[in-house]
2 protein chains.
Amino acid sequence: MSQDGEVIRVLLADDENLVRSAFAALLGLEDDLDVVAQASSGAEALAMARAHAPDVAVLDLQMPDRDGISVAGELTTVLPGCGVVIVTGHGRPGHLKRALEAGVRGFLPKTVGAAVLSDVVRTVHRGGRYVDPELAAEAISSGDSPLTPREADVLELAAGGAPVEEIAVRAHLSPGTVRNYLSAAAAKLGAPNRHAAVEAARRHGWI
Amino acid sequence: MSQDGEVIRVLLADDENLVRSAFAALLGLEDDLDVVAQASSGAEALAMARAHAPDVAVLDLQMPDRDGISVAGELTTVLPGCGVVIVTGHGRPGHLKRALEAGVRGFLPKTVGAAVLSDVVRTVHRGGRYVDPELAAEAISSGDSPLTPREADVLELAAGGAPVEEIAVRAHLSPGTVRNYLSAAAAKLGAPNRHAAVEAARRHGWI
DNA sequence: GCGGACCCATGACACGTGTCACCGCCCACC
DNA sequence: GGTGGGCGGTGACACGTGTCATGGGTCCGC
């Protein structure tokens with residue numbers, strides 16, 4: 001349980017062992033922080049959280065099995081008292097938005113300085129919020145996704161460079177419909193073709 | 001200067017401040033290692049190396065201005081006594097091969113355990129080599145690139161999803177020639193289209 | 001109940017691409 | 001000094017894609 005004056009119990013999740021251990025070393029330098037559990041996947045992070053009931057969870061955004069955001073969403077319902085901080089290599093505006101909707105209270109790109117991470121952990125533990133200012137500005141200026149859910153689905157399936165026929169099968173759609181969605185998505189994103197559209201959507205974090 | 005019995009002076013370069021600081025904290029836990037300089041770009045890493053003459057340089061593979069491998073190549077000529085360890089998020093066989101050609105003596109994916117990094121730094125300092133066994137196996141099995149230099153160029157330009165016309169302009173080629181190269185590259189890579197070819201080439205580190 | 005948004009589909013046309021055959025040029029190697 | 005390989009190019013054909021018009025279906029809000 002979280003108590004003032006006591007150390008803050010931290011759960012760390014990142015699929016890159018080296019980075020995770022390094023973060024643990026970094027946080028371990030702080031007297032008031034204690035890394036009580038580590039996980040290398042989303043599923044493991046949830047299991048660890050249930051077992052150790054940490055005060056704050058620091059999650060990497062991209063993990064092999066599942067999105068750090070979806071882990072965060074489940075975590076906040078299972079362990080309401082546990083604050084969640086997301087750390088990510090590429091800060092996309094859309095990710096930030098979805099993360100906040102999932103109950104995340106801290107959101108940081110890996111480019112920030114060393115002191116920030118531990119400070120944010122403390123802030124979140126106190127019930128506060130912190131999002132990287134630069135990321136916040138981007139998120140505000142880029143706004144909501146103009147894509148309909150289905151358009152986003154199809155665009156995501158197109159991301160791997162698959163031909164229309166394959167997308168159609170995987171989305172249970174007619175090839176013509178797929179082309180229509182792709183065309184609509186590209187138009188909305190101001191892209192000349194589907195690949196540029198994928199690029200643009202990814203840049204905004206909309207897929 | 002490197003002396004046995006003394007601490008090993010380490011230069012650390014990674015564009016992600018948080019990760020770099022965390023690595024510094026991790027290496028700082030070892031008594032015989034001393035992080036004497038940090039850099040957040042390739043150019044800065046070279047400048048730092050000249051200024052501090054470290055015993056070992058730990059470089060991230062992908063940095064904003066230039067490839068960690070090209071930095072390593074220059075570093076080994078400027079500071080022959082300085083060992084180089086490359087750390088990377090995505091371990092592609094082609095990268096490993098190019099790194100070794102550049103004089104790199106340590107090559108690690110970020111997925112390895114915490115103890116490995118400091119051990120490798122010591123090994124490299126002693127004049128030894130270390131490459132991740134799994135990566136080495138992949139590199140051997142995947143072999144050399146079957147692409148001609150020009151094919152690789154064109155394929156790289158195609159990576160962004162640009163239309164043939166644009167690739168032709170940027171490569172100073174006729175559109176027909178571009179299509180021929182793309183077709184040849186896709187055939188050599190066993191890919192059904194250019195996008196899958198880009199994917200495959202990237203996976204092997206050939207572009 | 002009516003307009004509007006999203007969903008799914010079809011057909012037609014223009015354009016981009018993938019594939020192949022074949023061309024010449026240069027350079028290296030036997 | 002011929003042969004082979006990489007480089008750059010052309011032309012033609014089949015196929016995949018991008019674009020547009022148009023249709024019907026559902027659901028929601030005014």
Exercise: do Ser40(A) and Glu44(A) side chains pair donor with acceptor under 3.5 Å: yes
Check this for me: does any side-chain nitrogen of one of [X] and [Y] sit under 4.0 Å from a carboxylate oxygen of the other?
{"X": "Glu74(A)", "Y": "Arg66(A)", "answer": "yes"}
{"X": "Asp60(B)", "Y": "Lys110(B)", "answer": "yes"}
{"X": "Arg122(A)", "Y": "Asp55(A)", "answer": "no"}

Span of DNA chain D in contact with chain B (heavy atoms, under 4.0 Å): dG6(D) to dA12(D)
Protein within reach of the bases, or only the backbone? For nucleotides 24-30 of chain C, mark each nucleotide 5' to 3' as B, S or -, using heavy atoms under 4.0 Å. -------
Reading 5' to 3' through nucleotides 7-12 of chain C, protein heavy-atom contacts under 4.0 Å coded B for base, S for sugar-phosphate only, - for none: SSBB-B
Side chain to side chain contact (heavy atoms under 4.5 Å, CB included) partners for Glu138(A), two or more places apart: Pro93(A), Leu135(A)
[X] side chain near [Y] side chain, heavy-atom distance below 4.5 Å:
{"X": "Leu18(B)", "Y": "Phe23(A)", "result": "yes"}
{"X": "Leu59(A)", "Y": "Val85(A)", "result": "no"}
{"X": "Ile207(B)", "Y": "Arg202(B)", "result": "yes"}

Would you check if the side chain of Glu151(A) reaches a backbone N or O of Thr148(A) as a donor-acceptor pair within less than 3.5 Å? yes
Output yes when a side-chain donor or acceptor of Asn17(A) lies under 3.5 Å from a complementary backbone atom of Thr111(B), and no otherwise. yes
Rounded distance (nearest 0.5 Å) linking atom CD of Gln38(A) with atom CG of Asp14(A): 9.5 Å
How sharply is the helix from dG1(C)-dC30(D) to dC30(C)-dG1(D) bent, taking the axes over five pairs at either end and rounding to 10 degrees? 30°
Sorted by first residue and then second, give each salt bridge (Lys or Arg N to Asp or Glu O under 4.0 Å) pair with at least one member in residues 92-105 of chain A; sequence neighbours left out. Lys97(A)-Glu101(A), Lys97(A)-Asp144(A)
